Amino acid sequence: MVDKEELKNLLRELRSEEDLSKVKEKAREILKNVDPKVLSLAEQELVEEGMSREELRKLYDIHLELLSGSITKVEGGMKPTHPITILKEEHEIILENLNNLERVLKKVKNSKNFGEIEKELEQLEAIAHVLLDAESHHGREEKALFPRLEKHGITGPPSIMRMEHTDLRKRKKALGKLVEDRGNMSYREFADKLNEVGSYILKMLTDHIFKENNILYPTALESLKDSEWNEIKTEFDDIGYCCFTPRK
Ligand SMILES: [Fe+2]
Ligand SMILES: [Fe+2]
């Protein structure tokens with residue numbers, strides 16, 4: 001296993017290197033054997049040493065590319081009512097909606113008037129509804145899961161995820177409002193605005209989910225005790241679920 005100092009050096013190198021192809025091979029090798037908790041702690045220490053959160057976010061993007069397909073953490077044997085199982089299943093449903101969003105964006109871009117996209121407008125309303133309802137998912141993460149990680153000294157990843165939730169919340173509201181107000185603008189204006197906000201949500205939320213599935217959740221699984229998971233489940237039940245949470 002790679003140790004924290006080695007990882008911090010690599011992250012510093014990734015940050016300062018203009019030509020990423022030079023360090024990428026080495027990074028791929030190192031990240032292959034990385035323990036998600038050690039990665040989280042290394043990143044957090046860099047922030048404490050003065051690396052800005054924006055810079056850290058850039059690093060996360062590099063990780064995404066490097067880690068794609070390389071993490072095969074075994075999480076077998078988890079109960080269907082385990083908070084992480086619930087969150088991951090909700091992620092799958094959010095991702096399905098993002099796939100639909102991508103299809104709608106393409107069709108809207110290639111159409112000329114509202115008449116051509118009647119079906120897509122209906123789909124868009126449904127997608128906006130699901131995305132806005134997913135606030136309960138993000139709320140459960142923020143209120144029940146992140147504070148427990150922070151109690152264990154893991155503050156970096158939760159702070160980045162919170163920052164992204166805030167940003168996404170704003171964009172999702174803008175998407176909902178745009179769909180609602182479409183009668184007040186020309187088709188071109190609608191299509192351009194939809195492309196801007198829709199593409200942003202598509203990329204940001206897909207990355208966000210990837211980071212949680214591959215960095216934050218595995219870190220949590222490794223750090224929290226059974227008793228804490230039980231408390232989290234009770235808090236989840238109190239906060240409530242999304243309209244699309246799979247029922248057991
Ligand atoms: Fe999240
Ligand atoms: Fe999430």
Side-chain angles (χ1 to χ4, degrees), residues 36-37 39-40 43-44 47 53-54 56-61 63-64 67-68 71 73 75 78-101 127-152 154-176 197 200-224 228-229 231-233 235-248:
K37 187 173 172 184
L39 178 61
S40 298
E43 285 169 338
Q44 181 176 317
V47 170
R53 298 212 179 281
E54 286 305 326
L56 184 58
R57 199 156 154 185
K58 266 184 234 153
L59 283 181
Y60 265 39
D61 289 338
H63 294 172
L64 285 190
L67 293 177
S68 280
I71 293 187
K73 186 106 187 140
E75 284 161 23
M78 271 170 57
K79 277 196 281 182
T81 52
H82 192 289
I84 293 296
T85 314
I86 296 172
L87 292 172
K88 286 180 90 168
E89 285 182 2
E90 287 173 344
H91 279 174
E92 286 308 309
I93 295 168
I94 296 171
L95 287 173
E96 270 170 38
N97 276 273
L98 291 176
N99 269 341
N100 292 341
L101 177 62
I127 293 165
H129 176 68
V130 166
L131 292 181
L132 287 167
D133 200 57
E135 277 310 310
S136 137
H137 167 99
H138 308 306
R140 269 176 275 128
E141 290 175 333
E142 288 187 9
K143 293 190 189 101
L145 180 62
F146 297 173
R148 296 248 168 22
L149 276 168
E150 285 157 351
K151 235 193 250 171
H152 283 266
I154 299 151
T155 55
S159 80
I160 307 261
M161 295 302 109
R162 272 206 185 91
M163 189 167 83
E164 294 187 357
H165 286 174
T166 306
D167 183 24
L168 279 163
R169 195 169 293 137
K170 221 170 49 197
R171 313 276 177 169
K172 289 190 291 185
K173 280 190 187 144
L175 174 71
V197 70
Y200 187 94
I201 293 173
L202 188 61
K203 174 165 191 332
M204 181 64 82
L205 192 48
T206 307
D207 285 1
H208 180 83
I209 288 176
F210 188 90
K211 283 176 271 197
E212 289 184 339
N213 282 352
N214 294 297
I215 299 173
L216 192 134
Y217 293 173
T219 302
L221 285 171
E222 214 174 302
S223 312
L224 306 188
E228 290 174 292
W229 288 117
E231 288 164 17
I232 291 174
K233 178 63 171 54
E235 286 168 32
F236 269 29
D237 291 344
D238 288 345
I239 296 168
Y241 297 93
C242 311
C243 62
F244 55 81
T245 305
R247 299 288 168 206
K248 300 290 180 281

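Along the sequence shown, residues carry numbers from 1. Keep in mind that what you see is a predicted model, and the values were worked out from it rather than measured. Atoms within a ligand are numbered from 1 in the order they appear, just like the ligands themselves.
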Can you tell me if H82 uses its side chain to pair, donor with acceptor, with the backbone of I84 under 3.5 Å?
-> yes
Could you label the plane-to-plane angle of the H138 and H165 rings as parallel, tilted or perpendicular, counting under 30° as parallel and over 60° as perpendicular?
-> tilted
Close to the Fe ion (ligand 2), meaning under 2.8 Å, how many protein N, O or S atoms are there?
-> 4
Looking at E235, E135, E90, which hits side-chain contact (heavy atoms from CB on, under 4.5 Å) with R140?
-> E90
Shortest non-hydrogen contact from L145 to L87?
-> CD2-CD1, 4.0 Å
Decide if atom NZ of K173 counts as having more than 12 heavy atoms of other residues, nucleotides or ligands within a radius under 6.0 Å.
-> no
Within the side chain of N97, is there an N or O that forms a donor-acceptor pair under 3.5 Å with the backbone of I93?
-> yes
